[in-house]
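Just below is one structure, and these are the notes that go with it.
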2 protein chains.
Amino acid sequence: MNAFTEKAITGADKTFFQLRSDIVEGEIKAGSKLSEMELSTKYGVSRAVVREAINRLESCHLVERKPNIGARVVALTLEGLVQLYQVRESLEGMAARLAAKNMTDAEIEDLKGLLNTHFQEVKGGKTYYQEAGDVDFHYRIIVGSKNDHLISMLVNGLYHLIRMYRVQLGMAGPRVSTAFDEHKNIVQAISNRDEELAEMLMRRHILYSKQNIEARLR
Amino acid sequence: MNAFTEKAITGADKTFFQLRSDIVEGEIKAGSKLSEMELSTKYGVSRAVVREAINRLESCHLVERKPNIGARVVALTLEGLVQLYQVRESLEGMAARLAAKNMTDAEIEDLKGLLNTHFQEVKGGKTYYQEAGDVDFHYRIIVGSKNDHLISMLVNGLYHLIRMYRVQLGMAGPRVSTAFDEHKNIVQAISNRDEELAEMLMRRHILYSKQNIEARLR
DNA sequence: ATTAGTCATATTGTCGACAAAATAGGCCAT
DNA sequence: ATGGCCTATTTTGTCGACAATATGACTAAT
């Protein structure tokens with residue numbers, strides 16, 4: 001066995017990942033029906049593993065399942081996006097608060113380094129920032145909270161759904177420069193171990209994102 | 001078809017409910033292994049439905065599953081309880097905020113009525129309050145938020161876990177009178193449509209509960 | 001005595017077949 | 001035509017069997 005624990009990957013895992021990717025990226029259209037038999041032949045696995053994969057997708061709120069009827073990919077609505085950001089504001093705000101309390105000094109330094117890297121890239125004219133960079137920034141703070149429930153809910157639960165909205169409603173990389181300043185201030189608050197401020201700044205950051213998205217969609 | 005939509009109940013549902021109850025009430029001990037075959041014979045269903053039930057329990061964070069090894073009921077630790085209340089503080093705080101915004105006047109009146117009923121019972125010397133009453137109070141505010149993600153996360157996700165801690169660590173009904181006053185103030189804030197205050201009071205209410213529990217356990 | 005290796009057993013992962021339920025289409029009555 | 005009922009087909013729910021992996025016991029070498 002290797003030094004770092006490597007989880008065994010089962011067939012259901014692979015099917016789950018594949019399906020999730022196809023749904024998030026829009027390969028499988030939002031609101032469409034998921035036929036077990038069809039997916040079974042498409043991915044070359046038995047219906048049992050497809051069912052397990054679909055069950056997990058339901059846990060992520062990416063599909064909705066009704067007994068004896070079947071599973072549909074969730075529909076994307078403005079209402080749903082707003083609700084999603086409300087939860088996100090709450091959870092990530094708490095994550096920032098806990099990160100200010102629980103991140104090690106080394107982790108905070110790493111985070112500052114990440115921010116610097118992003119700064120260089122943005123200065124160099126890259127619009128790349130928003131997609132991977134923003135996700136990475138938020139991801140580190142979530143993990144830095146050291147709260148397993150929080151981490152699970154956000155990483156396994158909400159982030160793929162958020163990404164699905166981003167990809168399919170085509171909101172790629174706006175608000176780059178202002179968002180970067182907000183990130184910087186959040187990191188500063190965490191570095192100062194100012195829990196209250198870190199939470200407040202994160203909540204406002206996400207609130208602004210939400211308002212920005214809402215404005216563009218109406 | 002009936003007036004109110006009645007969801008079909010599948011066998012996996014029943015097994016899931018049964019297992020969840022057994023775990024929460026401690027009939028199945030925390031940290032113990034769940035053998036698919038054993039449960040299959042015990043409940044008289046096939047392994048497939050037991051597997052589906054266990055998968056759903058995993059979504060609720062009531063069991064942890066490792067590929068090719070099996071599922072164990074989660075272990076109850078003080079650390080875990082603290083993390084749980086941190087998330088709860090965040091989510092229910094947001095629920096109170098949204099309830100202040102989204103509950104109808106009629107729903108708020110109902111909530112006041114519920115509080116009065118509890119008041120009479122407490123005055124009558126019943127210690128019954130905490131268990132059903134507290135849950136009901138929080139439940140109504142969660143639903144009153146009208147945010148499906150929030151509702152799902154709390155009702156399907158966290159509440160059974162919280163109840164598991166309550167039952168098995170034997171913390172039934174303390175803090176009755178003070179908690180009642182806190183509930184009253186929260187309802188007043190919601191009634192005044194004061195979102196900020198409602199959120200703050202709910203967060204403090206849960207924070208107090210957490211501290212109360214922590215104090216008793218050390 | 002301890003450790004590594006091997007083999008037998010038990011448990012989980014996957015599959016195809018059957019049962020139950022829902023959907024679709026045609027048929028009949030109005 | 002329209003609406004309700006019945007049948008045929010499709011889809012999901014459940015089951016038992018087989019394959020792959022982990023667990024535990026036993027042996028042997030150091």
Side-chain angles (χ1 to χ4, degrees), chain A residues 1-20 22-23 28-29 31-75 156, chain B residues 1-20 22-23 28-29 31-75 156:
Chain A
M1 188 189 299
N2 211 324
F4 28 99
T5 38
E6 35 187 332
K7 265 196 311 190
I9 300 294
T10 175
D13 286 320
K14 282 185 283 193
T15 309
F16 167 64
F17 294 141
Q18 181 70 49
L19 262 175
R20 186 176 66 183
D22 286 353
I23 290 173
I28 298 176
K29 284 195 283 280
S32 63
K33 187 170 185 333
L34 292 180
S35 163
E36 295 180 0
M37 220 173 32
E38 184 182 327
L39 295 173
S40 162
T41 59
K42 177 176 176 182
Y43 293 121
V45 291
S46 87
R47 262 185 62 218
V49 324
V50 171
R51 278 177 68 85
E52 176 160 344
I54 289 178
N55 278 330
R56 284 202 239 170
L57 291 171
E58 191 185 18
S59 306
C60 304
H61 301 262
L62 285 172
V63 312
E64 285 168 359
R65 183 169 208 153
K66 290 181 182 175
N68 294 318
I69 293 181
R72 307 192 78 88
V73 180
V74 293
N156 300 324
Chain B
M1 188 185 303
N2 210 327
F4 29 98
T5 38
E6 33 187 334
K7 265 195 310 187
I9 300 294
T10 176
D13 286 320
K14 282 185 283 194
T15 308
F16 167 63
F17 293 141
Q18 180 69 51
L19 262 175
R20 187 177 66 183
D22 287 352
I23 289 173
I28 298 177
K29 284 195 282 281
S32 64
K33 187 171 186 329
L34 293 180
S35 162
E36 295 180 1
M37 219 172 36
E38 185 182 327
L39 295 172
S40 163
T41 59
K42 177 177 177 182
Y43 294 122
V45 291
S46 87
R47 262 185 63 217
V49 324
V50 171
R51 278 176 70 84
E52 176 159 345
I54 289 179
N55 278 330
R56 285 201 240 170
L57 290 171
E58 191 185 18
S59 308
C60 304
H61 301 264
L62 286 172
V63 312
E64 288 169 358
R65 184 169 210 157
K66 291 181 182 176
N68 294 317
I69 292 180
R72 306 193 79 88
V73 179
V74 294
N156 299 323

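Below, chain A is the first sequence line, B the second, and so on; all start at residue 1. Keep in mind that this is a model prediction, so the values were computed, not measured.
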Quiz prompt | Within-4.5 Å side-chain heavy-atom neighbours: K14(B) and I9(B) | solution = yes

Self-check item: Below 4.0 Å: OP1/OP2 of dC15(C) and any side-chain N or O of S46(A)
Solution: yes

Self-check item: Side-chain N,O (T10(A)) to OP1/OP2 (dT12(C)) below 4.0 Å
Solution: no

Quiz item: V45(A) has a side chain; which of dC15(C), dG13(C), dT11(C) sits nearest to it?
Solution: dC15(C)

Practice problem: Let me know the distance between CZ of F16(B) and C1' of dG13(D), rounded to the nearest Å. | Solution: 17 Å

Practice problem: Measure from the side chain of R65(A), starting at C-beta and using heavy atoms only, and say which of dA22(D), dG13(D), dT23(C) lies closest. | Solution: dG13(D)

Quiz prompt | Nearest listed nucleotide, side chain of V49(B), among dA22(C), dT14(C), dT14(D) | solution = dT14(D)

Quiz item: How many Å lie between CG on N55(A) and P on dG13(C), as a whole number?
Solution: 14 Å

Practice problem: With the side chain counted from C-beta on, respond yes when V73(B) and K29(B) share a heavy-atom pair under 4.5 Å apart, and no when they do not. | Solution: no

Quiz item: Which is true for I9(B) with a 4.0 Å heavy-atom rule: it touches a base, it touches only sugar-phosphate, or it touches nothing?
Solution: nothing

Exercise. Have a look at I54(A) and say if it touches a base, only the backbone sugar-phosphate, or nothing, with a 4.0 Å heavy-atom cut-off.
Key: nothing

Quiz item: In whole angstroms, how far is the C1' atom of dT12(D) from the CD atom of E58(A)?
Solution: 14 Å

Practice problem: Return the set of residues passing side-chain contact (heavy atoms from CB on, under 4.5 Å) with A48(B) (not counting sequence neighbours), or none when no residue passes. | Solution: S46(B)

Practice problem: Verify, without hydrogens or angle tests, whether D13(A) (side chain) and T10(A) (backbone) share a donor-acceptor contact under 3.5 angstrom. | Solution: yes

Quiz item: Could you give the CZ-to-P distance, from R72(A) to dT12(D), as a whole number of Å?
Solution: 11 Å

Quiz item: What is the distance, rounded to the nearest whole Å, between atom CE of M37(A) and atom P of dC15(C)?
Solution: 16 Å

Exercise. Let me know the distance between CD of E38(B) and C1' of dA10(C), rounded to the nearest Å.
Key: 13 Å

Exercise. Please figure out whether S35(B) or R47(A) has its closest DNA chain C nucleotide nearer the 5' end.
Key: S35(B)

Practice problem: Check whether any side-chain nitrogen or oxygen of K33(A) sits under 4.0 Å from OP1 or OP2 of dT12(D), and answer yes or no. | Solution: yes

Exercise. May I ask you to decide if G31(A)'s main-chain N or O and R72(A)'s side chain share a donor-acceptor pair within less than 3.5 Å?
Key: yes

Quiz item: What integer distance in Å separates E52(B):CD from dG13(C):P?
Solution: 15 Å

Quiz prompt | K66(B) NZ to dA22(D) P, straight-line distance once rounded to whole Å | solution = 13 Å

Practice problem: Choose from dA22(C), dT12(D), dT12(C) the nucleotide whose nearest atom is closest to any side-chain atom of E36(B). | Solution: dT12(C)

